[in-house]
Amino acid sequence: MAIRLFHSRALIPSTPFCIHRLFCSSSSSLPSLEPSNDAELLSQILLRHYNPFHAMESSLQLHGISLTTPLLQQTLLRLRHHSKIALSLFHYALSLPSSQSTVTSTSYDIIIDILSKVHQFDVSWQLIIQMDEPTSHTFFVLIRRLIAAGLTRQAIRAFDDMESFITENVDETHFCFLLDTLCKYGYPKVAVEIFNKRKYRFSPNVRMYTILIYGWCKIGRIDMAERFLREMDERGIEPNVVTYNVLLNGICRRAKLQPESRFERTITLAENVFDEMRHRGIEPDVTSFSILLHVYSRAHKPQLTLDKLKLMEEKGICPTVTTYTSVVKCLCSCGRVEDAEELLVEMIRNGVSPNAVTYNCFFKEYRGRKDAESALKLYRRMREDDPFALSMQTYKILLGMFMKLNRMEIVNEIWNDLCTSGPGPDLDSYTMLIRGLCEKQKWKEACKYFVEMIERGFLPQKVTFETLYKGLIQSDMLRTWRRLKKKLDEESIAFGSEFQNYHLKPYRR
């Protein structure tokens, strides 16, 4: 059966429940990538013709390009994996006369996120200082990246410094964002510590407690999550359906489902949570059932998964894309691709749009079967209908698959699509490609992409560096290695001289 395409650009999380989406303020998100021919053209010009020794302004004037605010933002989003080029473009935008200025606070937020992602936090702080009126959203971007880098104390200091920069009052919403981000990245102990210190300023509520319960569940401490649930009762704070979904997800997410007795124990604990919810007068919702479906999917119980999906529909609960994707994933992983395709048709018929994660289930099964033709057919159809529906994970699955099958002409096709119409290669995709070429002893191509990766501002991982070095030495290509080493040294010098006004640091993974 041919898979019918029906795309949605919104990606779903890998787990069936996302606390971050429910508790973070909508203002904490950056603009999304949108179709823009001008932004595509400008980003490709910069990527292909960027020279660290030439000013960005002359390059842009050469091509007769004038910036607008939407064009700047969409171009920066397309350069999010190329921090050096993105910062140069941002400098050019700042250099325009005030009457032509295209730089808004959102533009600052995007470049701060790009730089912070590669741990250039000093540069990010300097940009915040030079802003006319930083917003809480700007600090949210910085705080999230600091915590993601493990710099929790610096993130808390940034939260405390926020009051000195922004005009609005720091309230419970801002505090919830800090707690939620700490918990999302696995630091519930730090979140509880700051919660206990600040709870006299920010009055505890169901939102804060639910975030903390989520944090403990995320690191597998269900006992601590239950303790905070009891503390809610002692304070007279009534839990809601989201609180119970968080606990339910914690019980199910990290549970080992083999042997069969463990699966049954997990299902029993989950059903106990359902019973307690009903006892409190709280009816399980679509998220509650999606979490349970995810357990059946992980346990490779296709028939039980389909039965639970049918029960949901009988209860009048409309499945979401997350719900359907769990079932599709289970069917694909159990080899029932035809059933998964039928469910996909039913999903579309019910008005639910599959997204990249849904289609990745099929790509992973095709990879396991080494079914190159089916994977290629689906990929090309998706690319023609809507290239934005292809996620970075999709490209990585396909690159890895066709490299193992030694279909290098297809690898080149997918890589070119990734560079031109996709999200653009990142450090991981470069690393995958270079290692694959090294394994096949294609040293010329590996060196080409190694140089390209450095020129785009990615610092190679140590293992990639060593793999290429050993391969070139063993192949008696010492001269090639010396040229590569010289290129790396020149690039680091150019990087430092171009941005001498900023305290740039090397990015270490």
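- Within the 3.5 Å criterion, the main-chain N or O of R253 finds a donor-acceptor partner in the side chain of R298.
- The closest donor-acceptor contact from the side chain of Q120 to the backbone of I112 lies at 3.5 Å or more, if one exists at all.
- With contacts defined as side-chain heavy-atom distances shorter than 4.5 Å, the pair L212/C183 qualifies.
- Summarising the local packing, CD of E133 is surrounded by 12 or fewer heavy atoms from other residues, nucleotides or ligands at distances under 6.0 Å.
- Closest approach of L309 to Y324, counting heavy atoms only: CD2-CE2, 4.2 Å.
- Look at R280 and D233 and you find a salt bridge, because one of the NZ, NE, NH1 or NH2 atoms lies within 4.0 Å of a carboxylate O, short of that distance.
- Remark: the backbone N or O of V170 is not paired with any side-chain donor or acceptor of E163 at under 3.5 angstrom.
- By the 30° and 60° cut-offs, the orientation of the rings of F195 relative to Y209 is perpendicular.
- Taking the side chain as every heavy atom from C-beta outward, K117 and I114 never approach each other to under 4.5 Å.
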**Request:** Please step through side-chain hydrogen bond (donor to acceptor under 3.5 Å, both in side chains) for the pair T106 and D109, ending with a clear verdict.
**Result:** CA-CA 5 Å; T106 303; D109 294 344; 4.9 Å; no
**Working for side-chain hydrogen bond (donor to acceptor under 3.5 Å, both in side chains), residues T467 and T464** = CA-CA 5 Å; T467 300; T464 309; over 6 Å; no
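- Rounding to the nearest 0.5 Å places OG of S36 at 5.5 Å from CZ of R78.
- A donor-acceptor pair shorter than 3.5 Å cannot be found between the side chains of T305 and S297.
- Using a cutoff of 4.0 Å between basic side-chain nitrogens and carboxylate oxygens, K315 and E283 are not scored as salt-bridged.
- The aromatic rings of F274 and F289 lie perpendicular to each other, with more than 60° between the two planes, well past the 30° mark.
- The heavy-atom pair separating M347 from P354 by the smallest distance is CE-CA, 3.5 Å.
- Within a 6.0 Å sphere centred on CG of N169, other residues, nucleotides and ligands contribute 12 heavy atoms or fewer.
- Taking the six-membered ring where the residue is Trp, F159 and F175 present tilted rings, their angle falling between 30° and 60°.
- Expressed to the nearest 0.5 Å, how far CG of L229 lies from CD1 of I237 amounts to 11.0 Å.
- A salt bridge is absent between D417 and R380; no separation between the charged side-chain nitrogens and carboxylate oxygens falls under 4.0 Å.
- For the 3.5 Å distance criterion, the side chains of S290 and T287 fail to qualify, holding no donor opposite an acceptor.
- Atom CG of L399 is separated from atom OG of S429 by 7.5 Å, given to the nearest 0.5 angstrom.
- The aromatic rings of F177 and F140 sit parallel, their planes meeting at an angle under 30°, below the 60° perpendicular limit.
- Heavy-atom minimum distance, C332 versus A340: SG-CB, 3.7 Å.
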**Request:** Test side-chain hydrogen bond (donor to acceptor under 3.5 Å, both in side chains) on D307 and Q303 and set out the steps.
**Result:** CA-CA 6 Å; D307 292 343; Q303 195 54 52; 3.3 Å; yes
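- The pair K199-E231 fails the salt-bridge criterion, with no side-chain N (NZ, NE, NH1 or NH2) lying under 4.0 Å from an Asp/Glu carboxylate O.
- Using a cutoff of 4.0 Å between basic side-chain nitrogens and carboxylate oxygens, R144 and D113 are scored as salt-bridged.
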**Message:** Applying side-chain hydrogen bond (donor to acceptor under 3.5 Å, both in side chains) to T320 and T323, what does each step give before you reach the verdict?
**Reply:** CA-CA 5 Å; T320 64; T323 314; 3.1 Å; yes
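- Under a 3.5 Å cut-off, the side chain of D285 and the backbone N or O of S288 do form a donor-acceptor pair.
- At least one test fails for K308 against the ring of Y296: distance under 6.0 Å to the centre or angle within 45° of the axis.
- Using a 4.0 Å cut-off between charged nitrogen and carboxylate oxygen, E193 and K197 count as a salt-bridge pair.
- Relative orientation of the F362 and Y366 rings is tilted, given thresholds of 30° and 60° on the angle between their planes.
- Judged purely by distance below 3.5 Å, without hydrogens or angles, the side chains of T358 and N355 pair a donor atom with an acceptor atom.
- Note that OG of S83 is 12.0 Å distant from CG of L76, once rounded to the nearest 0.5 Å.
- In plain terms, the two heavy atoms of Y379 and L390 that are nearest each other are CE1-CD1, 3.7 Å.
- The nearest pair of heavy atoms linking A270 to L292 is CB-CD1, 3.6 Å.
- Within the 4.5 Å cutoff, no side-chain heavy atoms of T138 are placed close to those of F165.
- In this structure, V206 and E238 approach most closely via the heavy-atom pair CG2-O, 3.6 Å.
- Salt-bridge formation is detected for the pair K396/D426: a Lys NZ or Arg NE/NH1/NH2 atom is positioned less than 4.0 Å from an Asp or Glu carboxylate oxygen.
- With a 4.5 Å cut-off on side-chain heavy atoms, V190 and I156 count as touching.
- In terms of modelled atom types and a separation under 3.5 Å, the side chain of N350 and the main chain of V352 share no donor-acceptor contact.
- In this structure a side-chain-to-backbone donor-acceptor pair under 3.5 Å is missing from N37 to E40.
- Between R407 and E413 no salt bridge is recorded (no basic side-chain N to carboxylate O distance below 4.0 Å).
- The closest donor-acceptor contact from the side chain of R262 to the backbone of P259 lies at 3.5 Å or more, if one exists at all.
- Remark: R278 CZ is packed, more than 12 non-hydrogen atoms of other residues, nucleotides or ligands lying under 6.0 Å away.
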